[in-house]
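Please see the structure below; I have some questions.
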Amino acid sequence: MNSGIRVRFAPSPTGHLHVGGARTALFNWLFARHHGGAFVLRIEDTDRSRSTEENIASIVDALRWLELDWDEGPPAPGYRQTERFDLYREHAARLVAAGRAYHCDCPPELLERERKAVEARKETFRYSGRCRDRGLAAGALRLRIPDTGSTVVDDLIHGPVTFDHAQLDDWILVRTDGTPTYNFCVVVDDVTMRITHVIRGNDHLSNTPKQVLCYAALGYAVPAFAHVSMILGADRARLSKRHGATSVQAYREQGILPEAMVNYLARLGWSSGDQEIFTRAELVERFDIKDVSSAGAVFDQTKLEWLSHEHIKAADGARLAALVRPFVEAAGLTAPPPARLGPMLDTLRERARTLRELVEVGRFYFERPAGYDDKARAKLLTPAGAERLGVLEARLAAVEPFAAPALEALYRGLAESMSLKLVDLAQLTRLAVTGRTASPPLFDVLALLGRDEVLERLRAARAAASSGGAPPAGAA
RNA sequence: GACCCCGUCGUCUAGCCUGGCCCAGGACGCGACCCUUUCAAGGUCGAGAUCGCGGGUUCGAAUCCCGCCGGGGUCACCA
């Protein structure tokens with residue numbers, strides 16, 4: 001557990017945890033766990049106006065839901081940028097003392113004018129360097145960038161990426177008001193937290209040479225970088241709200257299993273042979289940053305749901321019961337105790353892709369049918385149907401034991417003696433008991449519901465049939 | 001606009017470094033059939049990619065080289 005490898009996830013708490021952020025966090029976590037390193041959580045809250053406590057809580061909550069545990073970070077102190085200003089100030093002073101940074105008093109209006117002029121000529125804006133050698137003692141602080149040469153970012157995913165210094169300019173480290181800028185904070189934080197591998201979104205690749213030059217100016221070793229591609233919407237543009245749900249929280253509310261979310265996010269842009277379904281342990285074992293794709297990936301809700309389905313099918317019964325309970329309650333229903341809920345879920349799991357669907361498809365376990373499927377009611381809840389229900393009630397009242405095999409034998413025998421097909425009696429019963437034409441295997445459902453409840457529902461259906469198929473009286 | 005990244009079935013991807021096993025493999029989705037008390041699940045089969053485009057190198061290129069096109073990202077005293 002002490003490989004010396006240290007990675008971090010550094011979200012800014014300006015909103016909920018986005019799936020792109022979650023994937024970045026996951027890759028960092030997997031990298032740390034695979035190599036026996038440390039995973040650090042740091043909150044980039046220098047933007048006080050947009051950072052809120054609620055957002056921090058929400059991000060922490062989402063990470064916990066995904067079970068991406070951190071070895072260092074909140075609630076311990078010192079992992080928020082707003083708590084680290086002394087560090088930034090100290091490093092800024094060091095750069096000034098070493099002559100690697102200088103103060104600049106160019107008024108924003110001047111800079112803006114220069115920028116406009118340059119844009120008019122369709123060129124890239126670079127700070128003129130007007131204050132470079134003026135030896136000012138106050139004002140914004142800029143990093144002195146070499147005029148010539150280039151910086152190579154050796155990216156673990158993209159390979160070496162070269163940036164010409166002529167493209168870079170003397171960027172601002174500290175603003176006139178004394179507050180440090182994002183790029184400077186990141187460098188100082190990463191060095192002081194002894195981060196060895198910076199795994200982050202592709203959108204930071206262009207800023208990396210600036211940061212690398214800052215490490216060098218500070219005399220620190222440069223960490224390894226890995227820039228993960230972005231998650232895209234169906235139109236191949238960066239995934240955003242207009243594409244639909246983007247926050248991890250939203251998927252949680254949909255009833256996607258956390259392990260499915262983790263599995264999906266990992267497979268989005270990473271692969272290991274032809275394997276699609278991974279447990280958390282397999283992911284940790286197989287993960288290699290070199291297998292992460294450099295191309296952007298379109299988020300596919302359908303495949304996420306398929307994976308959720310697979311994980312629901314494979315989930316431990318007790319765990320699944322615990323996960324689904326809140327969803328049963330959210331639907332205004334009451335779940336039976338674990339001993340009964342477990343077997344019910346076993347009949348439901350291969351029929352639902354999400355926890356929400358699990359409740360929907362098994363609704364009849366938690367309440368009596370509030371009505372009957374229209375078409376089926378017209379077809380089955382007829383005078384003839386009522387008669388058959390009467391026969392079924394009588395036989396069901398006496399069958400022993402009230403278990404699936406005995407029930408099936410009863411139905412098969414009855415169908416034969418009435419010269420009907422099994423399906424005729426089964427669908428009638430299914431409609432009476434669940435209100436629908438589709439359900440888990442009927443005899444399992446009957447056994448799980450219990451004799452009294454089944455007889456009650458058959459009687460209600462018979463009453464509905466006699467009265468022309470109206471909804472059952474006194475339904476749930 | 002400049003710079004940087006990316007470009008294999010609709011989607012996620014394998015293969016690309018170390019050319020031939022690839023007239024391109026797997027998965028999701030889609031279609032058909034089988035199984036079946038319903039719905040699912042499961043099984044089998046199938047449609048679906050001239051490997052962004054154009055040149056070149058080579059006996060041979062998805063794989064190597066050059067050019068182009070398309071998409072995305074970054075260019076702030078925002079993060």
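Both backbone and side-chain heavy atoms feed into the values below; hydrogens, waters and symmetry mates do not.
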Exercise. Name all residues meeting the side chain to side chain donor-acceptor pair (under 3.5 Å) criterion together with N183(A); count only those two or more places apart in sequence or in a different chain, and write none if there are none.
Key: none
Quiz item: Base, sugar-phosphate, or nothing: which does C106(A) touch, judged by heavy atoms less than 4.0 Å apart?
Solution: base
Exercise. For N183(A), report the nucleic acid contact type (base, sugar-phosphate, nothing); a contact means any heavy atom under 4.0 Å.
Key: base
Quiz item: Across the strands shown, which category fits D47(A) at heavy-atom distances under 4.0 angstrom: base, sugar-phosphate, nothing?
Solution: sugar-phosphate
Quiz item: Given the P atoms of U13(B) and U18(B), what is the spacing between them in whole Å?
Solution: 24 Å
Quiz prompt | Touch class at under 4.0 angstrom, heavy-atom based, for T46(A) against every strand present | solution = sugar-phosphate
Exercise. Output all residues satisfying ring pair (Phe, Tyr, Trp, His ring centres under 6.0 Å) with F278(A), sequence neighbours left out; order by chain, then residue number.
Key: W270(A)
Practice problem: Provide the distance between the two P atoms, one in C16(B) and one in G56(B), to the nearest whole Å. | Solution: 26 Å
Exercise. Name all residues meeting the side-chain contact (heavy atoms from CB on, under 4.5 Å) criterion together with S308(A); count only those two or more places apart in sequence or in a different chain, and write none if there are none.
Key: I256(A), L257(A), A260(A), I312(A)
Quiz item: Which value, in whole Å, describes the distance between the P atoms of nucleotides C68(B) and G73(B)?
Solution: 23 Å
Quiz item: If the C1' atom of G25(B) is compared with that of G67(B), how far apart are they to the nearest Å?
Solution: 31 Å
Quiz item: Under 4.0 angstrom, heavy atoms only, what part of the nucleic acid is R115(A) near: base, sugar-phosphate, or nothing?
Solution: sugar-phosphate
Quiz item: Say you pick atom P in U8(B) and the same atom in A14(B); how far apart are they, in whole Å?
Solution: 11 Å
I'd like a list of close polar pairs between nucleotides 61-70 of chain B and the protein, N/O only, cut-off under 3.5 Å.
none

Practice problem: Could you label the plane-to-plane angle of the H197(A) and F31(A) rings as parallel, tilted or perpendicular, counting under 30° as parallel and over 60° as perpendicular? | Solution: tilted
Exercise. Kindly state each residue pair satisfying ring-ring contact (aromatic ring centres under 6.0 Å, His included) with at least one member in residues 133-165 of chain A, sequence neighbours excluded.
Key: none
Exercise. Using a 4.0 Å heavy-atom cut-off across all strands, classify L307(A) as base, sugar-phosphate, or nothing.
Key: nothing
Quiz item: Reading nucleotides 1-16 of chain B 5' to 3', which nucleotides get B (base under 4.0 Å from a protein heavy atom), which S (sugar-phosphate only), which -?
Solution: BBSSSSS---SBSS--
Self-check item: Spacing of CG belonging to L168(A) relative to NZ belonging to K210(A), to within rounding of 0.5 Å
Solution: 7.5 Å
Quiz item: Among all residues two or more places apart in sequence or in another chain, which pass the side-chain contact (heavy atoms from CB on, under 4.5 Å) test with A406(A)?
Solution: V399(A), P401(A)
With a cut-off of 3.5 Å and sequence neighbours excluded, list every side-chain donor-acceptor pair involving residues 223-232 of chain A.
from: H227(A); atom 1: ND1; to: D155(A); atom 2: OD2; distance (Å): 2.7
from: H227(A); atom 1: NE2; to: R200(A); atom 2: NH1; distance (Å): 3.3
from: H227(A); atom 1: NE2; to: T208(A); atom 2: OG1; distance (Å): 3.2
from: S229(A); atom 1: OG; to: A295(A); atom 2: O; distance (Å): 2.8

Quiz item: How far, in whole Å, is G29(B) from U11(B) if one measures between their C1' atoms?
Solution: 8 Å
Self-check item: salt bridge (charged side-chain N to carboxylate O under 4.0 Å, His left out) pairs, two or more places apart, involving residues 418-432 of chain A
Solution: none
Quiz prompt | Sequence-distant partners of E393(A), side-chain contact (heavy atoms from CB on, under 4.5 Å), two or more places apart | solution = L389(A), L455(A), L458(A), R459(A), R462(A)
Quiz item: With a 4.0 Å cut-off, would you call D291(A) and R286(A) a salt bridge?
Solution: no
Practice problem: Quick one: list whatever passes side-chain contact (heavy atoms from CB on, under 4.5 Å) with F327(A), sequence neighbours left out. | Solution: L355(A), R356(A), V359(A)
Practice problem: Using the C1' atom as the reference point in each nucleotide, state the distance between G15(B) and C23(B) in Å, no decimals. | Solution: 16 Å
Quiz prompt | Pairwise C1' distance for G20(B) and U57(B), with rounding to whole Å | solution = 16 Å
Practice problem: Would you mind classifying the nucleic acid contact of T176(A) as base, sugar-phosphate or nothing, using non-hydrogen atoms under 4.0 angstrom? | Solution: base
Exercise. Between K210(A) and Q81(A), just flag the one whose closest nucleotide in RNA chain B comes earlier from the 5' side.
Key: K210(A)
Quiz prompt | Where protein sits on nucleotides 30-51 of chain B, one letter per nucleotide: B base, S sugar-phosphate only, - none, heavy atoms under 4.0 Å | solution = -------BBBBSS---------
